[in-house]
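Data block below; observations after.
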Amino acid sequence: MRASRMNLTTLREDPAEAEIASHRLLTRAGFLYKSGAGLYLYGPLLQRVVERIRRIVSEEINRAGGLEITMPIMQEQALWERSGRWATYQASRTMLTVKDRSGQVFGLAPTAEEVVTDYASKVVTSYKQLPVTFYQQHTKFRDEIRPRFGLMRVKEFIMMDAYSFHDTTASLDVTYDGMRVAYQRAFRRLGLEAFAVEADSGAIGGSGSHEFMVAAAVGEDTILYNADSGYAANVERAHGRIAPAGPWTAPVAATLVHTPAVGAITDVIGFLNTNGYADVQAVHALKCVLFVAKTATADHTVAAFVRGDRDVNEVKLTNAITRLLGDAGPVLNLRPMTPDEVRAATGAEPGFAGPGTGLKVHLAVADKLTLDPAAPTVAGANKTDHHLVGFRLDRDAGVTLTWDDLVTIRAGDGDPKGTGVLDEKRGIEVGHIFKLGTKYSVAMGAEYLGQDQKRHPFIMGCYGIGTSRVAAAAVEQHHDADGIRWPVTIAPYQVVIVPTGKPGDAAVEQAAEGIYQELLSQGIDVILDDRDQKPGVKFKDWDLVGIPYRIVAGRGVAEGLVEVKPRGGEVANLPIAQAAAAAAIWIKERIAERNAAADAVR
RNA sequence: CGGAACGUAGCUCAGCCUGGUAGAGCGCUUGCCUUGGGCGCAAGAGGUCGCAGGUCCGAAUCCUGUCGUUCCGACCA
């Protein structure tokens, strides 16, 4: 490709709304154009990057046995009602809908379990066809509350979504592990350092779920991990060991104490320390957080209790409530109570809620890891400006408690698998694998005929990779002060040739053209920068765009030399005749490294 | 959903408080100069100031509404 024909448009200044490197650089280098909030046009360069990502992902899913298909983006409401997900997606308002001329309502695919399950139920009729995996890489829609960070969180994006069908859980386990390997191979070929973490699988079915994370400070997920034991989990599901609270000098019976205008636990403890309870600490307090959990049929008021120094994990709480509700669930939405709702539930100003008498909620859940029912605590008294000191859950509770896992694990907590301590980092979720079980097949009546001559619902797995998000994650992981440093496997072009020198310098132009033609003939994706620009402009542009390898034909040409330079690497001078071969070899070596890394995946 | 800010040239922004009919830098076009890190010289094109009302002799500027964008927040008691 000749640069004069590429419609290359680079910006010298950062776009005003870009907060993270990938958004900033992709916009400045002309890969990305914002069409609306959370809506982006992929420019010619990004199109090539996405195409390469797509190809590598497809190759790996194919290798794992996947069959590529294309499913409709517009999906009938009736189909989604068969799985029961129409209501949940309407409640959470994450699905965009459209109407056709007759008024029929369609959802725009956020995922495609319903469509593919319906398909499988029609075309997969015998156990002899199992296992089978269908997948696509297609546009998805999510009505995000807040799209942001450029390509990272958008309303419309490209996702690889795969769905596997099985007759046994053992078969699902095999495919699930095969997909894990395929993902890891794909990410290594794509040049991403991704790692698998245990993920929340929701309270409904699902015997396992892992997310694939790219470590990045701008990531929206928090991961707890221990490099020694290999434990890694999303904070939404992470387990840990937490040191128990030590003893303190508590009154024998729960004692009502006037704690004027101190609602927050640290303030309450500080107040008590100077008013007769010198050794009580936040770990001895009982934190009560009030929520409203919405299900399809009702709003349930919920009180959640954790130790005073810890936080409630809303994902864990949602799952706990769903387990508690059973058939009355699932929880579609969980939100903190408004101050007015808190007053109604406790009869007190916010800040003084507790599990004693006077608390009026439908459900009360206590954290089993951090709370000891027999230990004395400090709890809100459900009376403005008052706490109960020496309160015991086993003796003084005014509500019926359910014990479950609610606490948010944090750095410094013990590794649940061993003796080490957990650390914390941020990650970008680029993939997710999930054992679905029979949730969709049972709901939708998707069955096959087994060897036993009986009908059985499919056992399913589903798997996703954020194809377009991978491009953004790659930039987050590979950039420097000058611009993007694309991994060779996904770079829009692999080599750029920059002729410099006086216009009409025939020797320079011939050298550049010769190298260009030679690389083209070798199938290398190469750019010849034939623009009438000063060298500085050209160098800046290609560093920004992130082409991995650069050949400069300039003042050395008189001595028969050109310069070669990998992006971010050292300059070397080579005879003109050797430049193309050197570039081709360098490219092939980098690709071979990626493939070797992929082959090393266990 | 709640709150705040912003919307002026392709981009980044100034002008608005104190109304008088629009500016800078970059980019773009043309010509000259020539070419090793975006910064040589000159000339030029380009905006009914998001949209709709209102006030006024006069509105980018003041008022109201509306649309859009961005950021923050949604209560851990």
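Treat the numbers as computed from the prediction; the structure is a model and nothing was measured. So you know, we letter chains A, B, ... as the sequences are listed, proteins then strands, and number each from 1.
Using atom P as the reference point in both B:rC72 and B:rC11, the two lie 23 Å apart (nearest Å). Between the C1' atoms of B:rA9 and B:rG23, the separation comes to 10 Å (whole Å). Here, B:rC13 and B:rG27 have their C1' atoms 14 Å apart, quoted to the whole Å. For B:rC51 and B:rG7, the C1' atoms lie 11 Å apart once the distance is rounded to whole Å. Nucleotides B:rG40 and B:rG25, compared at atom P, are 14 Å apart to the nearest Å. Spacing of P atoms, B:rG46 relative to B:rA22, comes out at 14 Å, to the nearest Å. Comparing the same atom, C1', in B:rU61 and in B:rG50 gives a spacing of 16 Å after rounding to whole Å. For the C1' atoms, the distance linking B:rC6 with B:rG15 amounts to 16 Å, nearest Å.
Across the strands present, B:rC6 finds its partner in B:rG68; the criterion is a Watson-Crick or G-U wobble pair with both atom distances under 3.5 angstrom. As the counterpart of B:rC28, B:rG44 is assigned, both hydrogen-bonding distances of the Watson-Crick or G-U wobble pattern falling under 3.5 Å. Pair assignment for B:rA22: none, as no Watson-Crick or G-U wobble contacts are both less than 3.5 Å. With a cut-off of 3.5 Å on both Watson-Crick or G-U wobble distances, the partner of B:rG53 is given as B:rC63. In this structure, B:rA74 forms no base pair with any nucleotide, since neither Watson-Crick nor G-U wobble geometry is met with both distances under 3.5 Å.
Annotation: ring pair (Phe, Tyr, Trp, His ring centres under 6.0 Å) contacts of A:Trp486 (sequence neighbours excluded): A:Phe31. A:Thr301 pairs by the side chain to side chain donor-acceptor pair (under 3.5 Å) definition with A:His362, not counting sequence neighbours. Taking the side-chain contact (heavy atoms from CB on, under 4.5 Å) definition, one finds that A:Pro499 meets it with A:Val508, A:Ala512, A:Leu528, A:Asp529, A:Lys538, sequence neighbours left out. Taking the side-chain contact (heavy atoms from CB on, under 4.5 Å) definition, one finds that A:Ala375 meets it with A:Asp372, sequence neighbours left out. The side-chain contact (heavy atoms from CB on, under 4.5 Å) search around A:Asp309 returns A:Ala282, A:Val283, A:Arg307, A:Arg410, not counting sequence neighbours.
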_Protein-to-nucleotide contact annotation, 5' to 3' order, nucleotides 66-73 of chain B [B base; S sugar-phosphate only; - none; under 4.0 Å, heavy atom]_ = ---SSSB-
Solution key, residues 341-351 of chain A side-chain donor-acceptor pairs under 3.5 Å, sequence neighbours excluded:
unit_1, atom_1, unit_2, atom_2, d
A:Glu341, OE1, A:Arg335, NH1, 2.9
A:Glu341, OE1, A:Thr338, N, 2.8
A:Glu341, OE1, A:Thr338, OG1, 3.4
A:Glu341, OE2, A:Arg335, NH2, 2.9
A:Arg343, NE, A:Glu349, OE1, 3.4
A:Arg343, NE, A:Glu349, OE2, 3.0
A:Arg343, NH1, A:Asp340, OD1, 2.7
A:Arg343, NH2, A:Glu349, OE1, 3.4
A:Thr346, OG1, A:Val342, O, 2.8
A:Thr346, OG1, A:Ala348, N, 3.0
A:Thr346, OG1, A:Ala348, O, 3.1

Contacts under 3.5 angstrom, residues 549-561 of chain A side chains, donor-acceptor by atom type, not counting sequence neighbours:
none

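Among the atoms of the strands shown, base atoms are found under 4.0 Å from some heavy atom of A:Val312. Residue-level contact check: A:Gly554 touches the bases, meaning some heavy atom is under 4.0 Å from a base atom. Across all strands, A:Arg28 comes closer than 4.0 Å to base atoms (heavy-atom distances). Using a 4.0 Å heavy-atom distance criterion, A:Arg550 is classed as a base contact.
The CD atom of A:Glu563 sits 11 Å away from the P atom of B:rG37 (whole-angstrom rounding). In this structure, A:Leu286 atom CG and B:rC76 atom P are separated by 15 Å, rounded to whole Å. Distance, A:Asp532 CG to B:rU29 P: 11 Å, rounded to whole Å. Look at CG on A:Leu25: it is 15 Å from C1' on B:rG38, rounded to the nearest Å. Residue A:Asp309 contributes atom CG, which lies 16 Å from atom P of B:rC76 at whole-angstrom precision. The CD-P distance, from A:Glu144 to B:rC1, rounds to 17 Å in whole Å. Residue A:Glu341 contributes atom CD, which lies 15 Å from atom P of B:rC76 at whole-angstrom precision. We find that NZ of A:Lys538 is positioned 13 Å from C1' of B:rU34, with the value rounded to whole Å.
Closest to the A:Glu314 side chain, of the nucleotides B:rG38, B:rC76, B:rG37, is B:rC76. Relative to the side chain of A:Gln533, the nucleotides B:rG38, B:rG36, B:rC28 differ in distance, and B:rC28 lies closest. Distances were taken from every side-chain heavy atom of A:Pro535 (C-beta onward) to each of B:rC76, B:rG36, B:rG38; the shortest belongs to B:rG36. Here B:rG36 is the nucleotide among B:rG36, B:rC28, B:rC76 with the atom lying nearest to any side-chain atom of A:Val552. The A:Lys540 side chain lies nearest to B:rG37 when the options are B:rC76, B:rG36, B:rG37. Side-chain proximity of A:Lys534 to B:rG40, B:rG36, B:rG38: nearest is B:rG40.
When atom types are taken as modelled, the side chain of A:Arg48 and the backbone of A:Pro492 share a donor-acceptor pair closer than 3.5 angstrom. In terms of modelled atom types and a separation under 3.5 Å, the side chain of A:Arg426 and the main chain of A:Val218 share no donor-acceptor contact. Without hydrogens or angle criteria, A:Lys316 side chain to A:Thr408 main chain gives no donor-acceptor distance under 3.5 Å.
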Might you list the N or O atoms of the protein lying below 3.5 Å from N or O atoms in nucleotides 2-11 of chain B, with each pair's distance?
none

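The base of B:rG37 sits with one of its N or O atoms less than 3.5 Å from a complementary donor or acceptor on the side chain of A:Asp543. You'll find a donor-acceptor pair under 3.5 Å spanning the side chain of A:Thr10 and the base of B:rG38, going by distance alone.
Between the CD atom of A:Glu563 and the CG atom of A:Asn573 there is a distance of 5.5 Å, given to the nearest 0.5 Å. The structure places CG of A:Leu388 at 8.0 Å from OG1 of A:Thr255, a figure rounded to the nearest 0.5 Å.
With RNA chain B read from its 5' end, the first of the two nearest nucleotides for A:Lys565 and A:Val342 is the one closest to A:Lys565.
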